[in-house]
Number of protein chains: 2
Amino acid sequence: MSRAAETVGGETEPWEEVTPDAARRLLVAAVEAFAERGYHATTTRDIAGRAGMSPAALYIHYKTKEELLHRISRIGHDRALAILRTAAGGEGGAADRLADAVSSFVRWHAGRRTTARVVQYELDALGPEARAEILALRRQVDAEVRGIVEDGVAAGEFDVPDVQGTTLAILSLCIDVARWFNIEGPRTPDEVGALYAGLVLRMVGARPPGDART
Amino acid sequence: MSRAAETVGGETEPWEEVTPDAARRLLVAAVEAFAERGYHATTTRDIAGRAGMSPAALYIHYKTKEELLHRISRIGHDRALAILRTAAGGEGGAADRLADAVSSFVRWHAGRRTTARVVQYELDALGPEARAEILALRRQVDAEVRGIVEDGVAAGEFDVPDVQGTTLAILSLCIDVARWFNIEGPRTPDEVGALYAGLVLRMVGARPPGDART
DNA sequence: GCCCTTACTGAGCGAGCGCTTAGGCTCGGG
DNA sequence: CCCGAGCCTAAGCGCTCGCTCAGTAAGGGC
């Protein structure tokens, strides 16, 4: 498996940075509820109930329901960006780095689907300032992938007429995994990651590893 | 432009089948509101207000708010499926039909983005029976695309190791257009459709038209 | 023993929700 | 000229929402 794999595989819950313990339990409960029902359909009573607390306890650790979403979105985007940066900063050619980036990114969206759903689909529920902060992180995600594609084109490894459009499509493909992936479905996150890495290499016109055609 | 193009381009509002006029105005208002804010964040007062009516007027034409969503989702899925069927039933080779299907489908998701967002992202807000009905339509959409891919493989036009997985990825790519497409962005729906058709042909290992390589 | 801080609960506030009801306006048919 | 059907509104019911607040229990420093 690739270098960036352990960034995803090694952890059980990625929320260890959230303290104290009660705040983390509330946040994990909120991720589950938001992913299942969506932000607006989730009640603060539901979140507190899942964490084994009274509704009022939530407001000791978070000012509003929206602050919970903001924290989740921020941490999730940071994690996703870190995964991409690890792959993009690798040492192989552009094709290796792109395959590594796509498979890691997809594995995260599939394996941590509940978090990814909240991160990718509840952006509009944030207020203007919080949304602007998150959008800045998304531009960094886009730049990371576009960088690999540009490297591949410059090195003659890829054949991409529209770099920005293709970058958009690659990210779109990865992100949408969070919408359809089902833990009980026939595919593991690793399998989807491998499948998607191959598809993306074709999209950029790279020769698959070991292919002798020109 | 392709044969399936006029299915999208020729219409101004695809809701002419909804009568009487007041019911249609309410439905169009609901599509806009659901697309902007999401089903759960939209109030019946908002829908009625956009249609220039009092909140109670909604309940003369629709039993519940959910019935509105159901009608929108049903009509939208019917339209999307019709577009795909037109392309899939065309007369060219598998590559032509796949390119036609993808570009038409993408044009619909980009050009009628508000409808597409409601159709693709608010499915979970429906009750069990309504959701089951819509899921049956989605399976037909999947079968339509998978059929083209299988034809291409059988004819030796495509090189696809995992037909079901690749079909899933193609549809995922098209559907996610509804999430990111922006009318004020740099690309027209036609341009995105053409870009995506080319990318998908690469994903299935088809030789681009006029390419002399083996 | 005393008091302060921290973490939490039970009760409930004001607002806004989906939806209902009673009644009025506008017509075509008799 | 009246009537009933179709379509709409003003008012509001019952409920649940996000959030607040007074009070309580536990723990540590002196």
Side-chain angles (χ1 to χ4, degrees), chain A residues 15-73 118 122-131, chain B residues 15-73 118 122-131:
Chain A
W15 307 112
E16 59 253 8
E17 61 198 281
V18 181
T19 55
D21 183 70
R24 179 171 50 247
R25 278 188 294 133
L26 283 163
L27 192 131
V28 169
V31 170
E32 287 172 13
F34 291 162
E36 270 177 35
R37 307 216 234 280
Y39 175 80
H40 290 294
T42 299
T43 70
T44 55
R45 283 166 238 262
D46 182 25
I47 297 169
R50 286 175 192 245
M53 298 179 197
S54 78
L58 196 153
Y59 293 90
I60 298 185
H61 301 283
Y62 303 95
K63 269 210 305 266
T64 63
K65 178 181 159 188
E66 192 195 316
E67 192 195 324
L68 257 172
L69 177 61
H70 183 198
R71 290 270 258 270
I72 292 166
S73 199
V118 178
E122 302 294 343
L123 180 66
D124 290 344
L126 289 171
E129 341 72 61
R131 184 162 57 242
Chain B
W15 307 112
E16 60 253 10
E17 62 197 280
V18 181
T19 53
D21 183 70
R24 179 172 50 250
R25 279 189 293 133
L26 283 163
L27 192 130
V28 169
V31 170
E32 288 172 13
F34 291 163
E36 270 178 34
R37 309 217 234 280
Y39 175 80
H40 290 293
T42 298
T43 69
T44 55
R45 282 167 240 263
D46 182 25
I47 296 168
R50 285 175 192 246
M53 298 180 196
S54 78
L58 196 153
Y59 293 91
I60 295 174
H61 301 282
Y62 302 95
K63 271 211 305 270
T64 62
K65 176 180 158 187
E66 192 195 317
E67 193 196 325
L68 257 172
L69 176 61
H70 182 198
R71 289 269 257 271
I72 293 167
S73 199
V118 178
E122 302 294 344
L123 180 67
D124 290 346
L126 289 171
E129 342 72 61
R131 183 161 58 242

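Just so it is clear: chains get the letters A, B, ... in the order the sequence lines come, proteins before strands, and each one is counted from 1. Please read these numbers as outputs of a predicted model, since none were measured by experiment.
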Checklist line | Verdict with supporting geometry, B:Phe34 and B:Ile47, side-chain contact (heavy atoms from CB on, under 4.5 Å) | finding: CA-CA 9 Å; B:Phe34 291 163; B:Ile47 296 168; 3.9 Å; yes

Taking atom [atom2] of [N] as reference, at what distance in whole Å does atom [atom1] of [X] sit?
X: B:His40; N: D:dG18; atom1: NE2; atom2: P; value: 13 Å
X: B:Lys65; N: C:dC17; atom1: NZ; atom2: P; value: 9 Å
X: A:Arg24; N: C:dA7; atom1: CZ; atom2: C1'; value: 16 Å
X: A:Arg37; N: D:dC17; atom1: CZ; atom2: C1'; value: 14 Å
X: A:Leu26; N: D:dG18; atom1: CG; atom2: P; value: 14 Å
X: A:Tyr39; N: D:dC17; atom1: OH; atom2: P; value: 14 Å
X: B:Asp46; N: C:dC19; atom1: CG; atom2: C1'; value: 16 Å

Can you check whether [Y]'s main-chain N or O pairs, donor with acceptor, with [X]'s side chain at less than 3.5 Å?
X: A:Tyr62; Y: A:Ala23; answer: yes
X: B:Arg37; Y: B:Thr42; answer: no
X: A:Arg45; Y: A:Pro55; answer: no

Next item on the list: Give the nucleotide from the list D:dG12, D:dC8, D:dG18 with an atom nearest to the side chain of B:Arg25.
Entry: D:dC8

Next item on the list: Specify the residues of residues 51-63 of chain A, ordered by number, for which at least one heavy atom lies under 4.0 angstrom from an atom of DNA chain D.
Entry: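 By residue number: A:Ala56, A:Tyr59.
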
Item checked: Minimum heavy-atom distance A:Lys65-A:Tyr39, with the two atoms named ->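 Minimum heavy-atom separation between A:Lys65 and A:Tyr39: NZ-O, 3.2 Å.
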
Notebook entry, point to check: How close do B:Ala48 and B:Ser54 get, heavy atom to heavy atom, and via which atoms?
Noted result: CB-O, 3.4 Å

Next item on the list: Ignoring backbone atoms, test whether A:Arg45 places a side-chain nitrogen or oxygen under 4.0 Å from the OP1 or OP2 oxygen of D:dC17.
Entry: yes

